[in-house]
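Please read these numbers as outputs of a predicted model, since none were measured by experiment.
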Amino acid sequence: MKYVIAIIQPDRLDEVLRRLEEKEIHLVTVTSVVGRGRQKGIAEVYRSHKEAGSLLRKTKLEIAVNDTFVQPTIDAITEGGRTGAIGDGKIFVVDMDRCVRIRTGDEGPEAIG
Amino acid sequence: MKYVIAIIQPDRLDEVLRRLEEKEIHLVTVTSVVGRGRQKGIAEVYRSHKEAGSLLRKTKLEIAVNDTFVQPTIDAITEGGRTGAIGDGKIFVVDMDRCVRIRTGDEGPEAIG
Amino acid sequence: MKYVIAIIQPDRLDEVLRRLEEKEIHLVTVTSVVGRGRQKGIAEVYRSHKEAGSLLRKTKLEIAVNDTFVQPTIDAITEGGRTGAIGDGKIFVVDMDRCVRIRTGDEGPEAIG
Amino acid sequence: MADAPAGAAPAPAGVAINSGDTAWILISAALVMLMTPGLAFFYGGLVRRKNVLSVLMQCMTAICIVSIQWVLFGYSLAFGPDKWGGLIGGLDWVGLSGVGAAPMAPYVDTVPHSAFMIYQMMFAVITPALIIGACAERMKFSAFCIFTLLWSTLVYDPLAHWVWGAGGFLGLNGGWGALDFAGGTVVHISAGMTALAAVIVMGKRQGHPTSISPPHNLPLGVLGAGLLWFGWFGFNAGSALHADSLAVGAFIATHVAAAVAGLTWALLDWMFHKKPTTLGMITGAVGGLVAVTPGAGFVTPMGAIFIGLGAGLFPWLAVTFLKNRLGYDDTLDAFGVHGLGGIWGALATGLVACAAANPAVNRNGLFYGPGGAEQLMTQFKAVCVAVVWSFVMGLILFKVVDLMVGLRVNQHEERVGLDLTQHKEVGYTVID
Amino acid sequence: MADAPAGAAPAPAGVAINSGDTAWILISAALVMLMTPGLAFFYGGLVRRKNVLSVLMQCMTAICIVSIQWVLFGYSLAFGPDKWGGLIGGLDWVGLSGVGAAPMAPYVDTVPHSAFMIYQMMFAVITPALIIGACAERMKFSAFCIFTLLWSTLVYDPLAHWVWGAGGFLGLNGGWGALDFAGGTVVHISAGMTALAAVIVMGKRQGHPTSISPPHNLPLGVLGAGLLWFGWFGFNAGSALHADSLAVGAFIATHVAAAVAGLTWALLDWMFHKKPTTLGMITGAVGGLVAVTPGAGFVTPMGAIFIGLGAGLFPWLAVTFLKNRLGYDDTLDAFGVHGLGGIWGALATGLVACAAANPAVNRNGLFYGPGGAEQLMTQFKAVCVAVVWSFVMGLILFKVVDLMVGLRVNQHEERVGLDLTQHKEVGYTVID
Amino acid sequence: MADAPAGAAPAPAGVAINSGDTAWILISAALVMLMTPGLAFFYGGLVRRKNVLSVLMQCMTAICIVSIQWVLFGYSLAFGPDKWGGLIGGLDWVGLSGVGAAPMAPYVDTVPHSAFMIYQMMFAVITPALIIGACAERMKFSAFCIFTLLWSTLVYDPLAHWVWGAGGFLGLNGGWGALDFAGGTVVHISAGMTALAAVIVMGKRQGHPTSISPPHNLPLGVLGAGLLWFGWFGFNAGSALHADSLAVGAFIATHVAAAVAGLTWALLDWMFHKKPTTLGMITGAVGGLVAVTPGAGFVTPMGAIFIGLGAGLFPWLAVTFLKNRLGYDDTLDAFGVHGLGGIWGALATGLVACAAANPAVNRNGLFYGPGGAEQLMTQFKAVCVAVVWSFVMGLILFKVVDLMVGLRVNQHEERVGLDLTQHKEVGYTVID
Ligand SMILES: Nc1ncnc2c1ncn2[C@@H]1O[C@H](COP(=O)(O)OP(=O)(O)O)[C@@H](O)[C@H]1O
Ligand SMILES: Nc1ncnc2c1ncn2[C@@H]1O[C@H](COP(=O)(O)OP(=O)(O)O)[C@@H](O)[C@H]1O
Ligand SMILES: Nc1ncnc2c1ncn2[C@@H]1O[C@H](COP(=O)(O)OP(=O)(O)O)[C@@H](O)[C@H]1O
């Protein structure tokens, strides 16, 4: 089982979720984050005081999937999240040992979905 | 060492934290997230415009523990987080290589607590 | 490739980001979290009702790096984040299998930066 | 369409409309109207994120429902020509027929009758809205709507008639002579006691008291308190119904009592909880505004200070000790602040009212020597009537509505939150 | 410096300044001024987080630009001595020269001319701000500034002259006799129709309609609605220009129509979407305030209820069906609420205006028998003029500004948000 | 209880209370009261999330403490019968004894003395609250309370007496004849200069200037600015103390100066930072309101435009260059905006005051020819007195309070935030 973490542009969220749906990946956890990346942020100004390294709003997705679903997940995110402009973000995949469904207590691959 | 990630119902947080306490698991990091899962969300309506896939508020816990503490942690979360209704969430466990306490710089299992 | 997760004091963020810059670690994702740790929180009071386990504001950093960058990353965070007071937080390192850059689709170590 | 001209044709010859007084009543009416949104923010800021809209919605709905009720028949029931020896107003003014441009004794002598009607409407609107504080985070919206209409008609309108109506049996217009300058009895005691009935009938919220998270947006609560304080000048000083020295006196008493009560609560927190809290200060200030309401036009600044002290102390005691002792769940302390604050204010008026502040006071309060006991007794009797009436009627109406549509949302809806389950909306976006 | 004394030397002997009326006009002017920030919050709460400041900034900018324009020449164009047979005001009052302490017929008889000027300024300020609702989340700030100045000067000022100016060809001062008590035609129809022109010229936002996230801060929107409601008392009741029974009548009609319309919208949502929504209620209430504006001083409370019903219904229909049918992207429904609400109100005035409510009405509305048809026709003609004028001029001016500096921000700026790209600020911190 | 009837018994025969003027003073008092919560939001929105409540709490506390001080002895010190040749008011009116329903020369002639008292109270309340802007995010709450009480009594009350008190040595009532219509010197210069003393005594916040995060909630700041603007009409136009053409003139000047200054700041940002900022515009507008305060009743609209230009420019220069040059940490620019804005306004009054705007002006400003230099010099002298007095006294009082309880919270408390460490509360929930 793998734990997929993706950082995307906030305004691509709907599209990415749609694509995931298409590929039968229904379960997702979403967090609002800020990020510093290649993308040059705009320096904010408040009463003539320039804010240094302004962090940009991004959206983070977390998706636990069975191994067979890793590639579809990555595809869905890349297709849905790509604008071609710097700032599109990244996808990170880490290995996952266990998965438990709280409601039922059952564990393992079947608990993921 | 393991890194435990759990998604629970926001209103179960206090109960889960209490149970963790009982099992001597004091250190936790909590994040407010939204999630799409089995649970059918209610479609929001704004000036007659229906919002499509509304994401539901969930709460995410992150707990780094030594291997012996993994099961107690999972138990505490399942006991505290279960309502039996769809939407209770999941627990994910990933392997963790290193752990460092910033204050002291010391590393490894003892740094976790 | 490793996925570094760090919990720090909110007011150390700027300093930590500066140190990371110095070590050529430009890409970071930041989240606002709350945490329960050793640090005794102040019990909030609302109309004489004392809030039990008040969680304290913390800031979470996530940095995906190539193996050679793990130590520099940890050093930057510890140096920048340390105040010596309880509550400074922790750094967790987990192993990462894959990394994909959404914009280009290219994968692996070079996609990280 | 057969209907009544409100604010119609110039006043009959001989009757003088005073522009200054009229301007004052109109702006006061606007100020009191603003209090209900103010209350919405005061309450809304203190509930949990998932219920903020339900509170705002209920307050706005109270404005809509009661305003229409008032035009159609509410005003007539409360202030119409007396029926059955001071018990209720007649139906002569239904649909505001005959509520026109001419002044109307004994209510107003220098402003149009219609101005008095709209000014009073704003009082009728905010009173049921106050009760929301007790039911917040668990009441069904449909139940709220029905309850509000019934309560305004069956509880508020009669009570208003008894105290303020021509011929009402409690008030100065041919009644026992109980002093209630701007609504301590009619508005705050009635709302506060019905709030107590509410918590008894509805029971606690899930997780109360240990796992209810704190106010989700205190600055919003402070905004509400600020607007309430601002609007209260219209509430109390406007009740003089003239722009004169009486209005000025009520204005001063109102402000001073609020300041004293706010500071008192903050100091009590400082002593008992080591730190003065913002929520405590604004709660105290609102308590002060409540408590000074019945006496605003009858007391001196020193009297206002005295009232303010008690207004900070008693609600604080109730919230700190009584509440935990009895273990009831008055979500936003509508009973603790409005009920007790109102009772204290009504009684305190019997202590510090004095002719020096207002010549219309023909029996000084107890602190001003002889005759005081008598006035205090009158106040006490009026309070008892209001307390019993609004508490008992509250119990009955809540039971009735419970039988009709059910008072509480189900457990799941309560967990998910009222905004989403009752209104299909959320207050703030998380991801956007 | 050669300039004009505004509010200068005591009024010439013989002319009486009434302090009550003056107090009423001044507080009304303050109330109307507050409406523009109120509108800013109403609009700002409904957009996405990344655009909230752009909306607030545009509203505040409208205050600044139009206020200065008004002092320099706007007031003179709108209300100055008539030129070209009712088409426009002359330049005699440029820089407010001659706009002094003495009353000025036919505008005001008991308050300083300068009071009338500042009161009217607040109307000129909020009108272009209303249009922001249609362009929100995609308009360049520079384009907004230029457009606002041009539109105020070339669209609003002439229209105000036609309806309210001495000698204006539409109004009561020697024109067709169209009734517009407080600006239904001048303010709301003009802003609403220009809003329609805006959505046509500018096109949709990226992602419309499927991936636009919901209001980012509904409580802020409710605050805005509350302030608008509060300020509207100054807008409508202040338009009586005296603190008299006419002001009271307008005050009552305003409040009642808002309450009815708010409830109507909520009930429609309840029927069609299973739940009553908070946003629906406040939108309805604002629609009611819009619709009652032209008739406020001419209708009875029953008439106001009638107007309120339509004000809840028609904008609701537009937003629910028309909008999707036509598929235009009127971000905050400036056309749906202000355009249609204003048109309904202007026509409804021709139905329910009656001398019983205001003796100045010399031709009762249709529902009040003979002569009504005539008045209704007059209203209809005036509406047509306003609709055509503001829509066509809106199209032209948007095109012109588009050629000058471009109307829309580029795709990337729209994605990142206007706050950051147009103002180098963000509304709320995420990490702090 | 032996105490004074405020707003007591009808005014002695022969003295006429004007209802229009009274309504105007009362609503103005309410408007000025609203300014302090408005200021709280303006300031509160600009600090960091963790300190928002501390700012709101300090503002609300200022209302409570100063209001009580004013009733007990503050008013008497400021406006009581003159002692020691114009230096201070006597204790004759302690506890408001003798402050009743009758007008009181030279202050008011058509409204109750008590109305003047409560109106002035609101000025005394907001002035120390302005200073909070300089100390925000690092001052101990206990220190704030003590400082506020001392400063109001020892700095504000005497200064108010000098400028406005009967016999005060600076003002028009038998003094040098310095013009300060609504408090430019008494309120803004004094608060602004004491703010400067504060930043000097207290030093910088940790992490200043590089790692202080931006305003946590700008919309809240805009709300504050909006309420300030709205309330300022009561502040300036109310200072006419009659609802007459003078009030109208002051109203106009106030609004125009704010609009011009807001636009000026926005344009300066546009030129120097490529984009006009929302925070810049509202800061400019507040600066304009500050600067026009002393001259509001003495200038024409053109004069107001002139004042507004400087009010946008000078504070902008201070914040942009001076601040970084000197490197002081004036958290919310209380000195930059109120201090410099107030000084500019007081001097500018000496330039553009003219009898054309107000016949009471017996020496036109410099721009209006001869005699101007003289008036300008008087203004200059008065400014110097106020600057020196409030700066020096500020230094002394801060030192004293520092010795008593310590001014600053400790490093850890500052890091964690004042809300939690000073008040045991947080402004917004993160998890709920
Ligand atoms: N190595 C990384 N570790 C953590 N977060 C990253 C990393 N790389 C990118 N991100 C996140 O992805 C966002 C976009 O990355 P950026 O470099 O700006 O664009 P792109 O990925 O298109 O080159 C960043 O703001 C950051 O939040
Ligand atoms: N595979 C998964 N990956 C990421 N998040 C998940 C996954 N499964 C569940 N979640 C999170 O848990 C929440 C509850 O899951 P849901 O399926 O609705 O209920 P249950 O877990 O009881 O079946 C979801 O809203 C989502 O945030
Ligand atoms: N084992 C852990 N698992 C998850 N979060 C942790 C863990 N240990 C520490 N944290 C996070 O780090 C924060 C600081 O930890 P704390 O124990 O208070 O200080 P210190 O790390 O200096 O001992 C906590 O509030 C919590 O958010």
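The choice from D269(E), N18(E), I282(E) that makes the most heavy-atom pairs within less than 4.5 Å of chain D is N18(E). The candidate from P219(E), G221(E), G262(E), A266(E) with the greatest count of non-hydrogen atom pairs under 4.5 Å with chain D is P219(E). For chain E, the option among G38(D), A243(D), S142(D) with the highest count of heavy-atom pairs below 4.5 Å is S142(D). Residue with the most contacts toward chain E among V66(D), L72(D), T61(D): T61(D) (heavy-atom pairs, distance under 4.5 Å). Interface remark: of the candidates D21(D), I118(D), I25(D), I118(D) forms the most heavy-atom pairs closer than 4.5 Å to chain E. Counting heavy-atom pairs closer than 4.5 Å to chain E, the top residue among G20(D), A23(D), C145(D) is A23(D).
Atom CG of L26(D) sits about 9.0 Å away from atom CG of D244(E), to the nearest 0.5 Å. Between F230(E) atom CZ and M35(D) atom CE the span is 12.0 Å, to the nearest 0.5 Å. L220(D) CG to L223(E) CG: the interatomic distance, rounded to the nearest 0.5 Å, is 8.0 Å. L53(D) CG to L279(E) CG: the interatomic distance, rounded to the nearest 0.5 Å, is 9.5 Å. Atom CD1 in I27(D) sits 9.5 Å away from atom CZ in F233(E) (nearest 0.5 Å). From T22(D), atom OG1 reaches atom NE2 of H242(E) across 12.0 Å, with rounding to the nearest 0.5 Å.
Contact of T36(D) with chain E is not made at all, since no heavy-atom distance falls under 4.5 Å. Heavy-atom distances place the side chain of W270(E), and not its backbone, under 4.5 Å from chain D. Only the side chain of F41(D) comes within contact range of chain E, with heavy atoms under 4.5 Å apart. Using a 4.5 Å cut-off between heavy atoms, V256(E) contacts chain D through its side chain alone, with no backbone atom that close. Contacts of S54(D) with chain E are absent, with no heavy-atom separation under 4.5 Å from either backbone or side chain. For V426(D), the part lying under 4.5 angstrom from a heavy atom of chain E is the backbone only. Contact annotation for L263(E): both backbone and side-chain heavy atoms come within less than 4.5 Å of a heavy atom of chain D. P214(E) touches chain D through backbone and side chain together, each having a heavy atom under 4.5 Å away. Interface remark: A360(E) contributes no atoms to any contact with chain D (heavy atom separation under 4.5 Å). In this structure, the portion of L31(E) lying under 4.5 Å from any heavy atom of chain D is its side chain and not its backbone. Contacts of M33(D) with chain E are made by side-chain atoms alone, with heavy-atom separations under 4.5 Å and no backbone atom involved. Contacts between I212(E) and chain D at a heavy-atom distance below 4.5 Å are absent for every atom of the residue.
Heavy atoms only, all atoms of each residue included: C64(D) and M281(E) are closest at SG-CE, 3.9 Å. In this structure, A259(E) and S67(D) approach most closely via the heavy-atom pair CB-CB, 4.0 Å. Minimum interatomic distance between V248(E) and A115(D) (heavy atoms only, all atoms of both residues): CG1-N, 3.4 Å. Residues L34(D) and G226(E) approach most closely at CD1-O, 4.4 Å, considering heavy atoms. A29(D) approaches F251(E) most closely through the heavy-atom pair CB-CZ, 3.7 Å.
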Could you please spell out the steps behind the side chain to side chain contact (heavy atoms under 4.5 Å, CB included) verdict for V52(D) and L218(E)? CA-CA 9 Å; V52(D) 58; L218(E) 259 181; over 6 Å; no

Go through the steps for W229(E) and I63(D) under the test side chain to side chain contact (heavy atoms under 4.5 Å, CB included), then give the verdict. CA-CA 11 Å; W229(E) 195 325; I63(D) 299 180; 3.7 Å; yes

Using side chain to side chain contact (heavy atoms under 4.5 Å, CB included), reason through K275(E) and F141(D) one step at a time and then give a plain yes or no. CA-CA 9 Å; K275(E) 299 290 177 190; F141(D) 183 71; over 6 Å; no

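When each of Q422(D), M57(D), K424(D) is tested with P276(E) by the rule side chain to side chain contact (heavy atoms under 4.5 Å, CB included), just one qualifies, namely M57(D).
In this structure, R49(E) contributes its side chain and T429(D) its backbone to a donor-acceptor pair below 3.5 Å. A donor-acceptor pair is defined here as one N or O able to donate and one able to accept, closer than 3.5 Å; such a pair exists between the side chain of E425(D) and the backbone of T278(E).
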